[in-house]
Amino acid sequence: MTPLSGFPEFLPADRIAEQLVLDVIRRTFELHGFASIETRAVEPVSRLLGSGEDADKEIYGIHRLAARSEERGSDDALGLHFDLTVPFARYVLENAGKLAFPFRRYQIQKVWRGERPQEGRYREFTQADIDVVDAGELAPHFEAELPLVIAEVFRQLPVGDFRIQVNNRRIPEGFYLGIGVTDVVATLRIVDKLDKIGPQRTADLLVGSGLSQGQAEQVLALAAIRSEDLSFVEQVRALGVEHPTLDSGLDALAAVIRAGLDLAPGTLVADLRIARGLDYYTGTVYETQLVGHEGYGSVCSGGRYDTLASDGRTTYPGVGISIGVSRLLGLVVSRWGVTASRSTPTCVLVALADEAHRPAAMRTAAALRSRGIPVEVAPAAARFGKQIRYADRRGIPYVWFSGTDGAADEVKDIRSGEQVPADAGAWLPPEEDLHPSLVVPEPLGT
RNA sequence: GUGGGUGUAGCUCAGCUGGUAGAGCAUCUGGUUGUGGUCCAGAGGGCCGCGGGUUCAAGUCCCGUCACUCACCCCA
């Protein structure tokens, strides 16, 4: 019995931690007026294909085990979705007549990718997406709004400092065209490796792909530009390249950064080397890293897509961003040791002197629950020491002892050992003990 | 998909040049029969990943296979 690699499962305490994180995400998304939807786990394979050659290879097909082999590879075969954006685009087309535009939705679901698993990379994982789509035209200010929502989520989570890196694909595209480089996609792919292999080898690859030495230098000069304010615009201008696509990209990115400076200073960074692999992004792209853990990969990314959803008459451009919840938890929970304060929602364990008192104990439990306190009754009338240990093992903070012979009930805080008389019809725990909370170990994330 | 590493108790691991399995932690029980955490004593728990080969004899050597893991690719 060994775990399946890439299909993570948590123990109860860590699952509670995950739920607490999801609560923050959901609450914040809703605070910004995003409505929840859920889409089916499967899409026709033909709809999933075409987002990028590497992505295509990672799609899990689905078929009945008893199906004949010729049914398995057909065009309308089903596959598990590998992100939430493609299914959402389909959902918008299918329900366009019933949706009100611009449509803001959030979606928190599992997705599947047939990758080789590693720390922070799974084959089944949870994404939390927000997207805005409109019919015909999508106002550019949404591209500035989405990362601000994400920044608000991250500020509430024990993730340390983070940076949302933003770029606009029109900038490298216009720049490359302006210096006579026509294979924009291939050049972007090479530039994307800059972090890993360094400028020298990147330049070699660029020259190897047909660029002149001068063009390679220009491309690298652009990729090196990074600023937390609007100064990136001047830095690009200083390179002396002119192209209308470049101009529109610079304007769009400046608008996003300007909004960040105003509402979330220090979190949005213009970084002109960010490219993203998925082919459907057409403008703004985002990528998020935790400061000090850049090598762990992006924990939240997305971008603008103008042509993903189209019924031939109307196109529905959108912009979206997706939190890699599982990847985030892989770092925060699995590596840093952040977990929940207890492994069960139970706040109070009602102790049991003997089985004859179980009905009375159940009435006590019901009285406490009626005021929203999570309660369970001891599983057996064992020695009180064992019942206390039952609570201690699970992190349950309180044990309730029913008074006998008319004596008052008593409740014991097993962390302090303090035991006081209490009335099941009135007692309340401190607010912070009512539900499990996130516990962050002392030296966070080193 | 490519390359490296590792598979022994629930977990972390030991097991020398082959001689039919051990420790710590965890779990359970008792000491303490209505108040836990410490301490002491005891107990349960292993087709040594799987298949084949060499050998009188394989956890140990050889081959294969599977799984896990790290890196690359790519990505949340």
Side-chain angles (χ1 to χ4, degrees), chain A residues 1-8 11 25 51-59 81-85 107-129 150 154 159 162 164 188-190 192-193 195-197 274-279 281 285-290 293 295-303 320-332 349 351-354 357 378 380-405 407 410-419:
Chain A
M1 190 66 72
T2 52
L4 264 181
S5 177
F7 295 87
L11 289 170
I25 293 171
S51 293
E53 40 189 300
D54 288 310
D56 289 357
K57 284 187 240 163
E58 298 179 352
I59 296 167
H81 59 217
F82 64 90
D83 74 1
L84 300 178
T85 307
Q107 197 168 341
I108 302 174
Q109 283 182 243
K110 288 278 170 60
V111 304
W112 294 267
R113 293 184 193 175
E115 296 197 74
R116 194 64 69 105
Q118 253 173 70
E119 186 181 36
R121 316 181 49 185
Y122 310 103
R123 300 201 273 210
E124 176 181 75
F125 58 98
T126 300
Q127 291 194 319
D129 275 42
I150 297 302
F154 276 47
V159 297
F162 59 93
I164 303 175
L188 271 175
R189 272 187 188 282
I190 295 171
D192 199 42
K193 300 181 196 297
D195 277 332
K196 298 215 167 161
I197 66 175
I274 302 300
R276 318 271 333 60
L278 293 174
D279 289 345
Y281 293 126
V285 289
Y286 316 100
E287 200 157 281
T288 307
Q289 286 169 345
L290 302 187
H293 302 274
Y296 187 71
S298 174
V299 291
C300 177
S301 56
I321 189 163
S322 175
I323 300 175
V325 178
S326 301
R327 172 173 288 184
L328 195 61
L329 293 168
L331 188 65
V332 172
L349 176 76
L352 202 57
D354 55 69
H357 284 86
R383 263 180 19 230
F384 280 162
K386 292 189 66 176
Q387 298 191 45
I388 291 170
R389 196 163 54 154
Y390 175 96
D392 188 43
R393 289 278 165 80
R394 293 161 178 76
I396 298 169
Y398 296 99
V399 176
W400 192 277
F401 296 98
S402 300
T404 51
D405 303 325
E410 296 192 340
V411 66
K412 179 190 186 78
D413 182 333
I414 66 171
R415 296 160 298 187
S416 64
E418 185 188 14
Q419 185 166 331

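This structure is a prediction, so every number in the text was calculated from the model and none was measured. Just so it is clear: chains get the letters A, B, ... in the order the sequence lines come, proteins before strands, and each one is counted from 1.
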Donor/acceptor link under 3.5 angstrom from A:Q419 side chain onto base of B:rU35: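 Yes, a donor-acceptor pair under 3.5 Å.
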base_contact_polar (B:rC75 base, A:R327 side chain, donor-acceptor, <3.5 Å):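 Counting by modelled atom types and ignoring angles, a donor-acceptor contact under 3.5 Å is found here.
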Geometric cation-pi criterion, A:R393 with A:Y390: 6.0 Å, 45°: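 Cation-pi check for A:R393 and A:Y390: fails.
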Return the nearest nucleotide to the side chain of [X]; candidates are [options].
{"X": "A:R389", "options": "B:rU29, B:rC74, B:rU35", "value": "B:rU29"}
{"X": "A:S5", "options": "B:rC28, B:rG36, B:rU69", "value": "B:rU69"}
{"X": "A:F384", "options": "B:rA71, B:rC68, B:rU35", "value": "B:rU35"}
{"X": "A:E115", "options": "B:rC28, B:rG36, B:rC75", "value": "B:rC75"}
{"X": "A:R393", "options": "B:rC28, B:rG34, B:rU35", "value": "B:rC28"}
{"X": "A:R383", "options": "B:rU32, B:rU35, B:rG36", "value": "B:rU32"}
{"X": "A:I388", "options": "B:rU35, B:rC72, B:rC28", "value": "B:rU35"}

[X] has an atom [atom1]; how far is it from atom [atom2] of [N], in whole Å?
{"X": "A:Y390", "N": "B:rG37", "atom1": "OH", "atom2": "P", "result": "18 Å"}
{"X": "A:H357", "N": "B:rG34", "atom1": "NE2", "atom2": "C1'", "result": "12 Å"}
{"X": "A:D83", "N": "B:rC74", "atom1": "CG", "atom2": "P", "result": "18 Å"}
{"X": "A:E119", "N": "B:rC68", "atom1": "CD", "atom2": "P", "result": "16 Å"}
{"X": "A:E58", "N": "B:rC74", "atom1": "CD", "atom2": "C1'", "result": "6 Å"}
{"X": "A:Y296", "N": "B:rC75", "atom1": "OH", "atom2": "C1'", "result": "12 Å"}
{"X": "A:I323", "N": "B:rC75", "atom1": "CD1", "atom2": "C1'", "result": "17 Å"}
{"X": "A:I190", "N": "B:rC74", "atom1": "CD1", "atom2": "P", "result": "11 Å"}

Using atom types as modelled and distance alone, determine if a side-chain donor or acceptor of [X] lies under 3.5 Å from a backbone N or O of [Y].
{"X": "A:Q419", "Y": "A:E410", "value": "no"}
{"X": "A:R123", "Y": "A:F7", "value": "no"}
{"X": "A:Y296", "Y": "A:R327", "value": "yes"}
{"X": "A:S326", "Y": "A:T126", "value": "yes"}

Using the [atom1] atoms only, state how far [M] lies from [N], rounded to an integer number of Å.
{"N": "B:rG45", "M": "B:rA67", "atom1": "P", "result": "31 Å"}
{"N": "B:rC11", "M": "B:rC40", "atom1": "C1'", "result": "24 Å"}
{"N": "B:rA14", "M": "B:rG7", "atom1": "C1'", "result": "15 Å"}
{"N": "B:rG46", "M": "B:rG4", "atom1": "P", "result": "36 Å"}
{"N": "B:rC16", "M": "B:rA58", "atom1": "C1'", "result": "16 Å"}
{"N": "B:rU2", "M": "B:rA21", "atom1": "C1'", "result": "38 Å"}
{"N": "B:rC62", "M": "B:rU17", "atom1": "P", "result": "13 Å"}
{"N": "B:rC25", "M": "B:rA43", "atom1": "P", "result": "16 Å"}

Minimum side-chain heavy-atom gap A:L290-A:L328 below 4.5 Å: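 With C-beta onward as the side chain, the pair touches.
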Which residue lies more 5' along RNA chain B, comparing A:E410 with A:L4 via nearest heavy atoms: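 Going by which nucleotide is closer to the 5' end, it is A:E410.
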Comparing A:Q118 and A:G302 on RNA chain B - which has the more 5′ nearest nucleotide: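 Result of the comparison: A:Q118.
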Using a cut-off of less than 4.0 Å, is there contact between a side-chain N or O of [X] and OP1 or OP2 of [N]?
{"X": "A:K386", "N": "B:rG34", "answer": "no"}
{"X": "A:Q387", "N": "B:rG34", "answer": "no"}
{"X": "A:R116", "N": "B:rC75", "answer": "no"}
{"X": "A:R123", "N": "B:rC74", "answer": "no"}

Watson-Crick and G-U pairing of RNA chain B, under 3.5 Å, as dot-bracket with | and [ ]: (((((((..((((.....[..)))).(((((.......))))).....(((((..]....))))))))))))....
Side chain to side chain contact (heavy atoms under 4.5 Å, CB included) partners for A:S322, two or more places apart: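 A:Q127, A:D129.
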For A:Q109, all residues meeting side chain to side chain contact (heavy atoms under 4.5 Å, CB included), sequence neighbours excluded: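 Checked A:Q109 against side chain to side chain contact (heavy atoms under 4.5 Å, CB included); matches are A:E38, A:T39, A:H81, A:L84, A:Q107.
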Sugar-phosphate, base or nothing in reach of A:Y122, heavy atoms under 4.0 Å: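 The answer is base, as A:Y122 lies within the cut-off (heavy atoms under 4.0 Å) of a base atom.
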Taking every non-hydrogen atom, the tightest pair across A:G303 and A:Y281: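 A:G303 and A:Y281 have their closest heavy atoms at N-CE2, 3.3 Å.
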Stepwise side chain to side chain contact (heavy atoms under 4.5 Å, CB included) test for A:V299 and A:F154: CA-CA 10 Å; A:V299 291; A:F154 276 47; 3.6 Å; yes
